[in-house]
Enquirer: 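This is the structure I want to talk about, given as structure tokens.
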Amino acid sequence: MKTLVLVEHDNGQVKDATLAAVTAASKLGEVHLLVAGQNVGGVAEQAAKIAGVQKVHVADDAAYAHGLAENVAPLAVDLMASHDAFVAPATTTGKNIAPRVAALLDVMQISDILSVESADTFTRPIYAGNAIATVQSSDAKKVITVRGTAFEKAAAEGGSGVVEAVSATGDTGLSSFVGAEVSANERPELTSAKIIVSGGRALGSGEAFHEYIEPLADKLGAAVGASRAAVDAGYVPNDYQVGQTGKIVAPEVYIAIGISGAIQHLAGIKDSKTIVAINKDEDAPIFQVADIGLVGDLFKIVPELTDKL
Amino acid sequence: MKLLVPVKRVIDYNVKPRVKADGTGVDLANVKMSMNPFDEIAVEEAIRLKEKGAATEIVVVSIGPAKAQETLRTALAMGADRAILVQTDDEVEPLAVAKILKKVVEEEAPGLVIMGKQAIDDDSNQTGQMLAALLGWGQGTFASKVEVNGDSVNVTREVDGGLETVKLNVPAVVTTDLRLNEPRYASLPNIMKAKSKPLATKAPADYGVDTAPRLKTLKVVEPAKRQAGVKVGSVDELIGKLKTLGVVA
Ligand SMILES: Cc1cc2nc3c(=O)[nH]c(=O)nc-3n(C[C@H](O)[C@H](O)[C@H](O)COP(=O)(O)OP(=O)(O)OC[C@H]3O[C@@H](n4cnc5c(N)ncnc54)[C@H](O)[C@@H]3O)c2cc1C
Ligand SMILES: Nc1ncnc2c1ncn2[C@@H]1O[C@H](COP(=O)(O)O)[C@@H](O)[C@H]1O
């Protein structure tokens with residue numbers, strides 16, 4: 001089987017999420033990559049070095065500069081004439097593009113896979129991860145998105161794929177890029193961090209979030225996450241949200257501070273190695289999954305913890 | 001401009017799903033069912049666009065069992081004008097849902113389809129993108145802001161790195177994220193009024209769409225359970241534990 005993996009990048013660097021998708025694809029067969037973007041020669045070179053990659057198809061065109069699904073999907077569909085599976089990371093980019101490719105190929109997508117059981121059978125989480133389904137696809141071609149935390153990352157170096165330019169399919173004119181507000185963040189990325197410190201509604205304000213959560217995270221070299229309630233209330237930007245409908249994380253240590261542990265939040269943290277919870281309510285559901293719990297007022301506990309570390 | 005809002009009847013988000021002992025699925029007998037939360041946000045957004053004068057009529061559509069009528073009535077009580085139930089007891093996968101919705105779009109000719117980014121039962125996050133592809137329309141997924149300007153719409157999207165704004169030609173498909181709005185509750189008088197709003201019942205066959213599934217569920221199991229661990233009594237004890245884990249020196 002020949003797979004086509006969508007490379008996630010920012011026109012400069014290959015993003016880590018690609019590496020887990022490569023691992024999943026390698027369980028299906030030969031790994032080819034698709035780099036669509038503008039001035040992406042450097043990205044293609046990096047991509048070719050990923051271990052196990054045979055070929056990198058590069059489409060360099062202004063139409064792909066912002067990864068618009070309307071423009072990238074027809075390109076992927078063309079390439080799928082000579083590939084058997086389209087594999088994308090289950091990031092907001094992958095989730096935006098892959099279903100569009102699937103529909104154009106008349107294929108039912110298999111979203112967010114956790115494992116490859118065989119060439120047509122996969123496991124995936126449903127109901128906020130409260131159930132794991134094993135599904136078998138009867139479609140001739142497969143379209144798959146891959147949960148990054150469920151697969152080892154392929155080595156970024158060591159491969160020697162052949163880079164091949166493909167002609168662009170043009171701008172559909174259906175959509176255009178207006179602008180982006182990238183949240184400035186010097187800390188590690190949530191989806192690949194070893195330690196995560198997350199805050200919830202209990203913080204009460206953005207100021208408190210800065211004052212209590214961030215110094216602890218910085219002491220630990222940790223990424224910062226949040227519950228939906230903290231994001232909705234505007235304490236932190238949307239991309240901090242961890243959970244069923246936010247980011248799925250699997251750090252060595254996840255420290256949940258003032259987070260109750262709703263099923264939608266737990267869906268995003270269940271694969272963390274160790275969960276630490278700090279909550280003033282000893283019956284908070286988070287304690288049912290926490291390896292280490294400390295009952296008490298975060299406004300007293302967190303400064304003491306940060307101080308003593 | 002007409003708006004079409006697809007809504008799905010799903011397990012209520014407050015209910016903890018239980019896997020059936022025979023491994024065939026999740027037990028939905030006697031479980032509270034509600035409108036998919038993202039679809040409530042879609043209905044709310046449609047109503048706000050109508051209130052602002054950017055839209056004239058809101059049609060809601062659901063593909064599902066007879067009981068999905070309740071979900072449609074909820075949307076009508078919130079403020080939608082008219083409903084279509086495409087009734088079937090079969091499980092209809094996103095691809096087939098998108099194909100049925102395409103036919104509904106061809107009949108209704110809406111300027112925007114506003115729908116949820118994700119159904120909280122199958123967690124597929126694909127129907128909106130598929131519908132946009134089948135229609136050859138633009139897509140504004142994971143929307144936290146929607147601004148209609150005549151024959152285009154600006155959609156601000158929640159993406160992994162922050163926010164991104166795209167401009168789409170109308171007609172287009174928009175899928176909602178959590179921050180788009182806070183859905184209203186239907187008032188009692190509006191719930192009463194909704195009972196007399198039009199609700200048409202159709203079948204997938206009326207649209208000539210084959211809903212045979214492409215994915216076969218071989219089994220459904222519970223995920224590995226996490227065990228509750230220990231509670232510590234002080235910050236010093238917590239640091240001690242973190243040290244044993246090698247998190248801190
Ligand atoms: C469709 C949908 C999708 C969702 N997706 C997500 C998602 O992806 N991620 C997510 O997180 N949520 C999600 N949610 C929301 C989820 O259901 C919960 O509402 C949310 O996780 C609650 O956030 P919280 O724990 O911060 O707030 P709360 O539930 O209000 O909990 C606050 C906690 O802080 C504790 N506390 C208060 N004061 C203190 C103090 N001084 N010291 C210590 N502890 C204190 C309280 O005891 C309480 O346990 C979703 C909901 C829906 C409907
Ligand atoms: N059976 C259905 N009836 C109506 N709308 C649906 C149905 N299934 C999915 N949708 C719509 O598609 C969105 C995404 O669902 P999904 O792709 O299944 O995660 C939902 O939020 C709904 O708006």
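First the proteins, then the strands, lettered A, B, ... as listed; each starts at 1.
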Enquirer: Please examine the side chains of B/Ile120 and A/Gln244, heavy atoms only from C-beta on, and report whether any two atoms are closer than 4.5 Å.
Expert: yes

Enquirer: Who wins among B/Thr217, B/Val230, B/Thr141 for the most heavy-atom pairs under 4.5 Å with chain A?
Expert: B/Val230

Enquirer: Among B/Val10, B/Val247, B/Leu215, who wins on heavy-atom pairs under 4.5 Å with chain A?
Expert: B/Leu215

Enquirer: So which part of B/Tyr13 gets closer than 4.5 Å to some heavy atom of chain A, the side chain, the backbone, both or neither?
Expert: both

Enquirer: Hey, does B/Arg214 have a side-chain heavy atom less than 4.5 Å from the side chain of A/Ser137?
Expert: no

Enquirer: I'd like to know which of B/Leu238, B/Leu168, B/Val232 tops the heavy-atom pair count under 4.5 Å against chain A.
Expert: B/Val232

Enquirer: Side chain, backbone, both or neither: which part of A/Gln241 has a heavy atom under 4.5 Å from chain B?
Expert: side chain

Enquirer: Can you say whether B/Lys243 sits under 4.5 Å from chain A via the side chain, the backbone, both, or neither, judging by heavy atoms?
Expert: neither

Enquirer: Which residue out of B/Leu242, B/Asp236, B/Asp177 racks up the most heavy-atom pairs below 4.5 Å with chain A?
Expert: B/Asp236

Enquirer: I'd like to know whether B/Glu158 forms a side chain to side chain contact (heavy atoms under 4.5 Å, CB included) with A/Asp239, so could you lay out the CA-CA distance, the side-chain angles of the two residues, the decisive distance to 0.1 Å, and finally the verdict.
Expert: CA-CA 7 Å; B/Glu158 293 199 359; A/Asp239 52 306; over 6 Å; no

Enquirer: What residues, two or more places apart in sequence or in another chain, satisfy side-chain contact (heavy atoms from CB on, under 4.5 Å) together with B/Asn154?
Expert: A/Val178, B/Glu147, B/Asn149, B/Thr165, B/Lys167

Enquirer: Mind checking which of residues 295-303 of chain A sit less than 4.5 Å from chain B, heavy atom to heavy atom?
Expert: A/Val295, A/Ile301

Enquirer: Tell me, for A/Lys308 versus chain B, whether the close heavy atoms (under 4.5 Å) come from the side chain, the backbone, both or neither.
Expert: both

Enquirer: Decide side chain to side chain contact (heavy atoms under 4.5 Å, CB included) for A/Val276 and B/Lys241; before the verdict, give the C-alpha distance in whole Å, the side-chain angles of both, and the deciding distance to 0.1 Å.
Expert: CA-CA 10 Å; A/Val276 178; B/Lys241 289 269 177 205; over 6 Å; no

Enquirer: Restricting to non-hydrogen atoms, name the atom on B/Asp123 and the atom on A/Arg124 that form the minimum distance, rounded to 0.1 Å.
Expert: O-NH2, 3.3 Å

Enquirer: How long is the span from the CG atom in A/Leu174 to the CG atom in B/Asn169, to the nearest 0.5 Å?
Expert: 6.0 Å

Enquirer: Are the side chains of B/Lys117 and A/Thr92 in touch, meaning some heavy atoms are under 4.5 Å apart?
Expert: no

Enquirer: Between B/Val159 and A/Thr93, is there a side-chain heavy-atom distance shorter than 4.5 Å?
Expert: no

Enquirer: Answer with side chain, backbone, both or neither: which region of B/Ser234 has an atom nearer than 4.5 Å to a non-hydrogen atom of chain A?
Expert: backbone

Enquirer: Under 4.5 Å heavy-atom distance to chain B, tell me which part of A/Ile195 shows up: side chain, backbone, both or neither.
Expert: side chain

Enquirer: If I measure from the heavy atoms of chain A, does B/Leu245 come under 4.5 Å with its side chain, its backbone, both, or neither?
Expert: side chain

Enquirer: Between A/Val253 and chain B, which part of the residue has a heavy atom less than 4.5 Å away: side chain, backbone, both or neither?
Expert: side chain

Enquirer: Chain B heavy atoms under 4.5 Å from A/Ala290: which part of the residue, side chain, backbone, both or neither?
Expert: backbone

Enquirer: Using heavy atoms and a sub-4.5 Å threshold, report which of residues 19-34 of chain B line up against chain A, by residue number.
Expert: B/Val19, B/Val26, B/Leu28

Enquirer: In terms of heavy-atom proximity below 4.5 Å to chain A, should B/Arg18 be classed as side chain, backbone, both, or neither?
Expert: neither

Enquirer: What closest approach, in Å, do B/Met130 and A/Pro99 show between heavy atoms, and which atom pair accounts for it?
Expert: CG-O, 3.4 Å

Enquirer: Grab the two heavy atoms, one from B/Pro17 and one from A/Tyr127, that are nearest each other, plus how far apart they are.
Expert: CG-CB, 3.8 Å

Enquirer: Which bit of A/Leu266 comes within less than 4.5 Å of chain B, counting heavy atoms only: side chain, backbone, both or neither?
Expert: neither

Enquirer: Looking at side-chain heavy atoms only, is the closest gap between B/Leu95 and A/Asp106 below 4.5 Å?
Expert: yes

Enquirer: Looking at A/Ile126, A/Thr134, A/Val135, which makes the most heavy-atom pairs under 4.5 Å with chain B?
Expert: A/Thr134

Enquirer: From B/Gln129 CD over to A/Asn96 CG, what is the distance, rounded to the nearest 0.5 angstrom?
Expert: 6.0 Å

Enquirer: Which residues in residues 131-139 of chain B have a heavy atom less than 4.5 Å from any heavy atom of chain A?
Expert: B/Ala132, B/Ala133, B/Leu134, B/Gly136, B/Trp137, B/Gly138, B/Gln139

Enquirer: Once you round to the nearest 0.5 Å, how far does CG of A/Leu309 lie from CD1 of B/Ile239?
Expert: 4.5 Å

Enquirer: What are the two closest heavy atoms between B/Lys231 and A/Glu282, and how far apart are they?
Expert: NZ-O, 3.4 Å

Enquirer: Please classify the contact of A/Thr191 with chain B as side chain, backbone, both or neither, using a heavy-atom distance under 4.5 Å.
Expert: neither

Enquirer: Please classify the contact between B/Val173 and chain A as side chain, backbone, both or neither, with a heavy-atom cut-off of under 4.5 Å.
Expert: neither

Enquirer: Grab the two heavy atoms, one from B/Pro213 and one from A/Ser138, that are nearest each other, plus how far apart they are.
Expert: O-OG, 4.4 Å

Enquirer: B/Ser124 and A/Gln109: which non-hydrogen atoms are nearest, and at how many Å?
Expert: O-NE2, 4.3 Å

Enquirer: Rounded to the nearest 0.5 Å, what's the gap from CG on A/Asp232 to CD on B/Glu182? Could you check?
Expert: 7.5 Å

Enquirer: Could you tell me which portion of A/Ile263 (side chain, backbone, both or neither) has an atom closer than 4.5 angstrom to a non-hydrogen atom of chain B?
Expert: side chain

Enquirer: Heavy-atom pairs under 4.5 Å with chain A are the metric here; pick the option from B/Ser152, B/Gly233, B/Ala228, B/Ala98 that has the most.
Expert: B/Ala228

Enquirer: What's the verdict on side chain to side chain contact (heavy atoms under 4.5 Å, CB included) for B/Lys16 and A/Asn130, showing C-alpha distance, side-chain angles and the deciding distance?
Expert: CA-CA 8 Å; B/Lys16 181 157 164 45; A/Asn130 285 292; 3.0 Å; yes

Enquirer: Non-hydrogen atoms of chain A under 4.5 Å away: do they reach the side chain of B/Val248, the backbone, both or neither?
Expert: side chain

Enquirer: First locate atom OG1 of A/Thr123, then atom CG of B/Leu218, and finally report the distance between them rounded to the nearest 0.5 Å.
Expert: 11.0 Å

Enquirer: Taking the side chain as C-beta and beyond, is there a heavy-atom pair between B/Arg179 and A/Asn238 under 4.5 Å?
Expert: yes

Enquirer: Can you tell me how far apart NZ (A/Lys95) and CG (B/Asp160) are? Round to the nearest 0.5 Å.
Expert: 7.0 Å

Enquirer: So which of A/Leu220, A/Val107, A/Asp112, A/Val182 has the largest heavy-atom pair count under 4.5 angstrom toward chain B?
Expert: A/Val107

Enquirer: If you count heavy-atom pairs under 4.5 Å with chain B, which of A/Thr245, A/Val231, A/Leu305 comes out on top?
Expert: A/Thr245

